[in-house]
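Structure record follows, encoded as structure tokens.
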There are 2 protein chains.
Amino acid sequence: MPHFPFQRLQADLAKLIASLPAGARLPSEPDLAKQLGVSRATLREAMRMFEAQGLLRRRQGAGTFIVGQLPVMESGLEVLESIQTLARRLNLDVSMGNVSVEKLPAGADAAEALDLAVGSPLLRVSRVMSADSRPVAYLVDILPADVLQPEELSGQFEGSVLDYLLHRGDPLTVSRADITASNATADVAKMLEIQRGDVLLQLTAKLFTASGRVVDYSFSYFIPGYFKFHVVRKVGRA
Amino acid sequence: MPHFPFQRLQADLAKLIASLPAGARLPSEPDLAKQLGVSRATLREAMRMFEAQGLLRRRQGAGTFIVGQLPVMESGLEVLESIQTLARRLNLDVSMGNVSVEKLPAGADAAEALDLAVGSPLLRVSRVMSADSRPVAYLVDILPADVLQPEELSGQFEGSVLDYLLHRGDPLTVSRADITASNATADVAKMLEIQRGDVLLQLTAKLFTASGRVVDYSFSYFIPGYFKFHVVRKVGRA
DNA sequence: CAGTGGTCTAGACCACACG
DNA sequence: GTGTGGTCTAGACCACTGA
């Protein structure tokens, strides 16, 4: 008898998942736990990793489902392009939801990033991007109020602040992005329909104009498994 | 009475952590749980996020400790350089441990990545990099056996396969890295002295020579909070 | 050895989905 | 309403640290 239910459990789960067709529903957690001989807590812990890879989808009140071939969005990081542009290139169906546009005064972080005084008026745009009706990214853009007005987004906004600014003719040049991995906070988890604490790939970026002004400070949260970011690195010589 | 112990708990923990000096030990988990009015399981869950940020360090058998100013390694991704080179530039003390060098035949993945036949002889080099005696990265390099022999690493190896190949004069040009976020598997967690399931930033890379041959296929796992990777992105024009 | 964090269990209650 | 996943509890046992 193993002291290590967890390793066995992961292997068992992997087999179970592989044996089921896409869209199938797993047995309920209490049933499956009994069937696999572990407690529900342990089962849930083991499921987390499969969920992060995008192989499982849990929906409260409905059940846990097998996810088939996920629509992977692969992109290089050398060039900044919107998810919409990327999706168009890959011929994927992407939609926007949970849009929120609000004015707010600058906090310490945003003020420093945008090189403004604390309390300066800002516009905060947040939304969830979905592929095949599955939330895959949560995007938050923060801009100085003089750069973007709420009314401007009422008509043509399709989810990308970048595309909007480009279409308007802003002289954008580069973006500087910090890349990290994080756990989903409760609010982000809710938006992305994942569990609090699940792993996310996070980009924090500043968007610069030709004159060097920062016009957009953004946070982007991506569910791993749906995105593949890559970068080509030159070898540094000594 | 909150329905949501978790949010309160995170705030309480943040205060507690901020109020303690670096190096201090927290009360034991059972004690702290009682003190904060939650179960031990909930407390541990809440601690995970602080641990991922590098603010806490748990050591089995010893206790949970406050981590002061962590040695953050910041690096751009445009240029490939070893952690050793990076640390030297930042004047940080980095050391290597848990070195393992072994020969093994190519599996399907490695064979494809290195453009070899399945079963071809390979060399696998793995090690843990530590900063200030704290494990911060786990690195695995896989190379064709004809590129690198085990004996070559016995003397001069200081932790970087890249630096070794460069010093030897190999005509390396670029590396292509995939960036993702993942949960620590049991073995990686043990190496990095974190918990299974904790969040990691993961780079999977191929290293190319001038002739286009792949000479190194590598997996790198970084604890977020100790690393800040950034990239400058050019704005794509429509 | 005593005390710590690491793991797992069994059971409870809640919020939500769907018929 | 019924059944699902989401959260939390209380307690047990193990592996490890350090005096």
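Each chain gets a letter, A, B and so on, in the order the sequences are listed, and its residues count up from 1. Computed over heavy atoms, backbone and side chain alike; hydrogens, waters and symmetry mates excluded.
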[X] versus [Y], closest heavy-atom pair with distance:
X	Y	value
Ala52(B)	Ile223(B)	O-CG2, 4.4 Å
Ala184(B)	Met49(A)	O-CE, 3.9 Å
Thr180(A)	Leu201(A)	O-CD1, 3.6 Å
Val118(B)	Ala106(B)	CG1-O, 3.5 Å

Spacing between [X] atom [atom1] and [N] atom [atom2], to the nearest angstrom:
X	N	atom1	atom2	answer
Asp198(B)	dG6(C)	CG	C1'	12 Å
Leu43(B)	dC8(D)	CG	P	12 Å
Gln60(A)	dC8(D)	CD	C1'	14 Å
Glu45(B)	dG5(C)	CD	P	17 Å
Lys34(A)	dT4(D)	NZ	C1'	15 Å
Phe65(B)	dT4(C)	CZ	P	11 Å
Glu193(A)	dC16(C)	CD	P	12 Å
Glu29(B)	dG11(D)	CD	P	17 Å

[X] side chain: which of [options] is closest?
X	options	result
Arg44(A)	dT4(C), dT7(C), dT7(D)	dT7(D)
Ser39(B)	dC8(D), dG5(D), dT9(C)	dC8(D)
Arg58(A)	dG5(D), dA17(C), dG5(C)	dG5(D)

Open item on the list: Under 3.5 Å, is there any donor-acceptor pair linking the side chain of Arg40(A) to the base of dG6(D)?
Closed with: yes
Open item on the list: Within the 4.0 Å heavy-atom criterion, would you say Gly197(A) contacts the bases, only the backbone, or no part of the nucleic acid?
Closed with: nothing
- [ ] Determine the contact category for Arg196(A): base if any of its heavy atoms lies under 4.0 Å from a base atom, sugar-phosphate if only primed atoms, P, OP1 or OP2 are that close, otherwise nothing.
- [x]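 Sugar-phosphate, backbone atoms only, no base.
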Hey, does the side chain of [X] come within less than 4.0 Å of [N]'s phosphate (OP1/OP2), counting only N and O?
X	N	result
Thr64(A)	dG5(D)	yes
Arg59(A)	dC16(C)	no
Thr42(A)	dT7(C)	no

TODO: Provide the full list of side chain to side chain donor-acceptor pair (under 3.5 Å) pairs with a residue in residues 58-68 of chain B, sequence neighbours left out, each pair given once.
DONE: Glu51(B)-Arg58(B), Arg58(B)-Gln195(B)
